[in-house]
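Keep in mind that what you see is a predicted model, and the values were worked out from it rather than measured. The basis for the numbers below is simple: all heavy atoms, side chains too, and nothing from hydrogens, waters or symmetry mates.
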Amino acid sequence: MLLLSAVAKADEVKQMFDENSTIQDILATPEFSGYAEKILPWDNLERNNPNIKIKHIGQILPWLSELRTDDILNGLNYLRSHQTFYNIYPYDDIRQKHTGLFFFKGRTNAPFTLICPGGGFVYVGSLHSGFPIALDLSEKGYNAFVLKYRSGSVNMAMADLVQALTYIFAHAQEFEVATDNYAVWGDSAGARMAAYLATYGTEAFGGTVLPKPAMAVVNYTGHSDYTPHTSPIFMAVGEYDGIANPDGMKKQAERLNKMGVETKFHLYPDLGHGFGLGTGTSADGWTNKAVRFWEKFNKSHHK
């Protein structure tokens, strides 16, 4: 049986978050009871300043740019209306304290993507590069999960990614998602996670053998550990990214294509690191390009 916290219809939720809502409002929301802190970026709750308003959320999301309040509110209010959170570990497992899945429902039996938000393995930026992207994909008809993984190391993060993927496969019928041609999307640190999975698969990180993703989104990352067996790769980066070198990413894309790994690279002008959906910028609509790339390897997208 799925470990679903609760389910509520959107019209049953009378109050929504707005730009002046605070972190404390999120923590005190009854609909988020039992997992509110997993919505926030920092495992150390003291770093999630309770007095910060959503319109100033960038104060607890370092390294990221182009934060759009409306995008963040849309993601939060979807979660408040639907409350689709799932624990991936048993309740008596200490690992469940800082982990879980948020589900954004698309078409019944459509493929799914598992999104790994960035944060340098010190926090998880779901508010900016997780929930808004998942909502965008669900509105396109795809099922989207956002992973809250443990910060601290890539090894812990990968263990949680493998556990989450195993959980989705085990409950695919109840989620009403297709496991064929699934994708994994990530940005920054999350892009490293997506790239590792697309290259080495679940068994390399202690999991049971599951299919590799049909493709992986690896946005704004300096990751370079690829092989000819890596799944197809979609890359995007801003031209002024001071963390993930754009020239280095372009060279990695060229290297991947030479190895026989189909790779699509996009450079977006006038942008820095961590642009999320890219709303109102040169990257606006990048998810449409990523979906079209995914559909090249997704035999069931038109069904």
Side-chain angles (χ1 to χ4, degrees), residues 3-6 13 15-89 91 94-104 114-135 144-153 156-157 160-161 164 185-190 193 273-274 276-277:
L3 299 175
L4 176 60
S5 297
V13 180
Q15 184 178 359
M16 291 290 155
F17 299 111
D18 60 37
E19 65 176 9
N20 290 309
S21 300
T22 66
I23 295 295
Q24 182 56 44
D25 292 331
I26 295 173
L27 290 169
T29 298
E31 294 90 349
F32 296 157
S33 178
Y35 62 89
E37 68 281 0
K38 298 179 185 182
I39 293 170
L40 304 176
W42 296 89
D43 288 345
N44 178 354
L45 289 181
E46 293 181 0
R47 298 294 300 269
N48 298 313
N49 186 332
N51 299 315
I52 289 179
K53 295 180 178 180
I54 292 175
K55 64 183 178 181
H56 299 141
I57 203 76
Q59 293 179 31
I60 59 170
L61 291 169
W63 314 310
L64 304 180
S65 65
E66 308 302 333
L67 280 81
R68 294 294 196 268
T69 301
D70 285 347
D71 289 343
I72 292 169
L73 287 171
N74 289 339
L76 277 172
N77 285 324
Y78 177 96
L79 291 177
R80 189 167 188 173
S81 297
H82 296 76
Q83 298 161 262
T84 46
F85 172 79
Y86 302 85
N87 281 310
I88 57 175
Y89 292 106
Y91 281 98
I94 190 64
R95 291 173 294 182
Q96 68 85 23
K97 183 177 181 181
H98 297 300
T99 61
L101 281 174
F102 296 89
F103 183 36
F104 290 69
L114 180 53
I115 299 172
C116 305
F121 298 115
V122 297
Y123 72 87
V124 179
S126 302
L127 288 167
H128 174 55
S129 58
F131 305 144
I133 292 171
L135 180 58
F145 295 88
V146 178
L147 174 62
K148 171 61 177 77
Y149 54 89
R150 289 169 293 166
S151 59
S153 76
M156 288 194 299
D160 295 339
L161 172 55
W185 291 38
D187 68 287
S188 197
M193 297 167 63
H273 190 75
L277 270 178

Validation row, ring centre F131 to ring centre F102 under 6.0 Å: yes

Basic-acidic side-chain contact under 4.0 Å: D18, K53: no

For the pair D43 and K148, evaluate salt bridge (charged side-chain N to carboxylate O under 4.0 Å, His left out) and give the outcome as yes or no after the intermediate values. CA-CA 10 Å; D43 288 345; K148 171 61 177 77; 2.7 Å; yes

Only counting residues at least two apart or in another chain, list the ones meeting side chain to side chain contact (heavy atoms under 4.5 Å, CB included) with T69. E19, I54, K55, L73

Is the side chain of H128 donor-acceptor paired with the backbone N or O of G274 at a distance under 3.5 Å, no angle test? yes

Would you check if the distance from the ring center of Y123 to the ring center of W63 is below 6.0 Å? yes

Taking Y149's backbone N and O only, do any of them form a donor-acceptor pair with T99's side chain (distance below 3.5 Å, no angle check)? no

Donor + acceptor pair across side chains of Y91, N87 (<3.5 Å): yes

Parallel, tilted or perpendicular, as decided by the 30° and 60° cut-offs, for the rings of F32 and Y35: tilted

Measure from the side-chain N and O atoms of T84 to the backbone N and O of F103, and report whether any donor-acceptor pair falls under 3.5 Å. yes

Distance-only side-chain donor-acceptor flag, H98 / S151, under 3.5 Å: no

For A144, side chain to side chain contact (heavy atoms under 4.5 Å, CB included) partners two or more places apart: F104, T113, I115, A134, L137

Separation of I88 CD1 from Q96 CD (nearest 0.5 Å): 10.0 Å

